[in-house]
Every structure is written in structure tokens, then in C-alpha cells.
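None of the values given here were measured: they were computed from a predicted structure. The basis for the numbers below is simple: all heavy atoms, side chains too, and nothing from hydrogens, waters or symmetry mates.
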Amino acid sequence: MVRRVGRFSRLARASLSVLMLALPAGCAGSRPPERESQTTVPAVPTTSFTGRWTKLAGVCPTLTGATAASVGRTGAGKPGPGNVDTPVAQIVNCTWGEGEKSVGVLLSLNRSDGPLPADQATAQQFQRFFDRYVADGSTVYWKPEPALEDKAYLSIHKDRVTIKLSILSSNAEFTVYYQVAELERSAWDDALAEHREILRGLAADVLDDLR
């Protein structure tokens, strides 16, 4: 059974409510009640901050690598309604195509130090919400992905047609979504192994666009 990429937008909007917490008051809109407050990110920008990244090169990443070409998803992504760029944070929600082999990216870049440096605050947020997605059943199967930036996890979403690669890189965190045919429980481990290089290749395209 093949489902449409509209699911990526729903996943992104759910995660986006968490990432919006890095924005000044009035920019974020409402957020689901199950999301706890993020208190380590300040409400105003700082003139300098601890972090490797300052921006994404464009509104969406541009996929140019061999992996993107192999799955037919090259070029700039289609921006979602939640894309925001302020002095405090940049939030990116983009998709490429529909159905099987479609791609989605959700990225948050923290540009401000607060009680914690930007990279440390981002690391805490990344782990906290990954753990929550596992606890609430949004992520049904996962493995650490070694030797990829500061930390990464390869996982399967509860819809059983989306494989995710979530990456922490200094003061940026992002997830790449890739749609496959519907997976039976017995196939989850093989699916992660089979699609691991595809997700890593797409993630490399995103990292290439960070400045």
C-alpha cells in the first residue's frame, strides 16, 4: 500500500511545534499540549553564539548528490507553511515528490546562546524529543547511526512507510524522511540496513547547504 507524501507535512507540523519554541513570542503559534516547554533557548538573539552553523543556504536544501539522483529527487525542495527565518532560529520544512521514494526534511538551527550555549541547548533538545517520540510510539523501531556528525539515529515511523534519519550537528538538528513500501514488523531491521546509505546520502546534501 502506498500513501501520499502529505504525511510528511503532518509529521513536520507536529515536530515544528517543538522547534518553534526557539522563536520570539508571537512567531510560534499554538503547540500541542504534549510538548513540554524548552527553557534553554532565549527569546532574543545574542551578538555571538556557540555553534558551527549560521544559516541554510536557501529556503530549502538543494539535493544535488548521486543519492538524490538515484531516487529521482534532485533540486530544491518544496517549502512547507512553517518555514521561518529570524535572528534567533531558522526552521525549515521541505518536501520532494509524493508517494514511494518521496523525501522530506525538517531542520532547526539555533542562533542564540542562553543559559546554555546554542550547541549544548540544541543537543539537549535533540535527545529529549527523540526519547519522547520513542516513548509515545511515534517512532516504533530505531538504531544509533554511528560516525555521523555529533549524534544520529536511524528509525521507522509508526506509519510503517517512513524511514527517518535524525541528526544532531552542533547547533543544528534535522530529520530526513524517506518513504518506502509498507513494512511488516519482521522487515524493519532489513529495511534500515537496505535504506541506510540512501538516508545518509540525502543527509549529506542537507549538510552541504549549511553555512
Side-chain angles (χ1 to χ4, degrees), residues 1-16 18-19 32 34-35 61 63-74 77 80 92-108 122-170 172-208 210:
M1 180 174 69
V2 176
R3 301 174 189 173
R4 296 177 65 84
V5 78
R7 179 193 66 266
F8 285 146
S9 295
R10 292 192 298 273
L11 289 173
R13 283 195 296 270
S15 298
L16 199 61
V18 175
L19 304 179
E34 71 272 18
R35 303 302 186 198
L63 304 183
T64 59
T67 299
S70 72
V71 297
R73 302 302 178 194
T74 56
V92 174
N93 165 25
C94 299
T95 57
W96 290 257
E98 297 182 350
E100 196 169 342
K101 296 187 178 181
S102 55
V103 175
V105 169
L106 180 66
L107 178 145
S108 173
T122 304
Q124 282 194 358
Q125 178 173 287
F126 174 83
Q127 190 61 53
R128 177 186 298 126
F129 287 104
F130 183 84
D131 292 343
R132 176 159 293 192
Y133 300 147
V134 173
D136 70 14
S138 297
T139 294
V140 295
Y141 188 69
W142 64 275
K143 287 185 173 182
E145 181 60 21
L148 183 57
E149 296 300 307
D150 299 326
K151 185 178 287 187
Y153 296 107
L154 193 61
S155 61
I156 294 175
H157 185 259
K158 66 181 179 181
D159 63 12
R160 303 191 182 197
V161 297
T162 305
I163 299 177
K164 305 183 293 181
L165 180 58
S166 302
I167 297 172
L168 170 68
S169 178
S170 185
E173 55 174 312
F174 67 95
T175 298
V176 178
Y177 304 91
Y178 184 68
Q179 184 170 328
V180 298
E182 189 161 8
L183 299 168
E184 297 296 330
R185 172 63 182 86
S186 59
W188 290 353
D189 197 58
D190 288 344
L192 292 188
E194 178 184 354
H195 295 94
R196 176 175 178 262
E197 292 305 321
I198 292 176
L199 271 296
R200 287 182 69 106
L202 295 170
D205 262 339
V206 177
L207 286 165
D208 282 347
L210 286 174

Test side-chain contact (heavy atoms from CB on, under 4.5 Å) on Tyr177 and Thr95; report intermediate values, then the result. CA-CA 9 Å; Tyr177 304 91; Thr95 57; over 6 Å; no
Below 4.5 Å, heavy atoms only, C-beta onward: do [X] and [Y] meet side chain to side chain?
| X | Y | value |
| --- | --- | --- |
| Val206 | Ile167 | no |
| Lys101 | Tyr178 | yes |
| Arg160 | Tyr141 | no |
| Val180 | Ile163 | yes |
| Tyr133 | Trp142 | no |
| Leu168 | Phe130 | no |
| Asp150 | Ser170 | yes |
| Trp96 | Pro61 | yes |

So, taking the atom named [atom1] in [X] and the one named [atom2] in [Y], what distance separates them when rounded to the nearest 0.5 Å?
| X | Y | atom1 | atom2 | value |
| --- | --- | --- | --- | --- |
| Glu145 | Leu165 | CD | CG | 6.0 Å |
| Gln179 | His195 | CD | NE2 | 11.0 Å |
| Thr122 | Glu173 | OG1 | CD | 6.5 Å |
| Cys94 | Leu107 | SG | CG | 9.0 Å |
| Asp189 | Leu183 | CG | CG | 11.5 Å |
| Leu148 | Arg200 | CG | CZ | 4.5 Å |

Minimum heavy-atom separation for [X] and [Y], please, with both atom names.
| X | Y | value |
| --- | --- | --- |
| Gln127 | Asp131 | NE2-OD1, 2.8 Å |
| Lys158 | Gly137 | CB-O, 3.3 Å |
| Asp205 | Gly65 | OD2-N, 3.1 Å |
| Leu199 | Lys164 | CD1-C, 4.4 Å |
| Thr67 | Gly201 | OG1-CA, 3.5 Å |
| Arg73 | Val103 | CG-CG2, 3.8 Å |

Just by distance, do the side chain of Asn93 and the backbone of Leu106 share a donor-acceptor pair under 3.5 Å?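 Here the side-chain-to-backbone pair does not exist.
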Test side-chain contact (heavy atoms from CB on, under 4.5 Å) on Trp188 and Val140 and set out the steps. CA-CA 9 Å; Trp188 290 353; Val140 295; 3.7 Å; yes
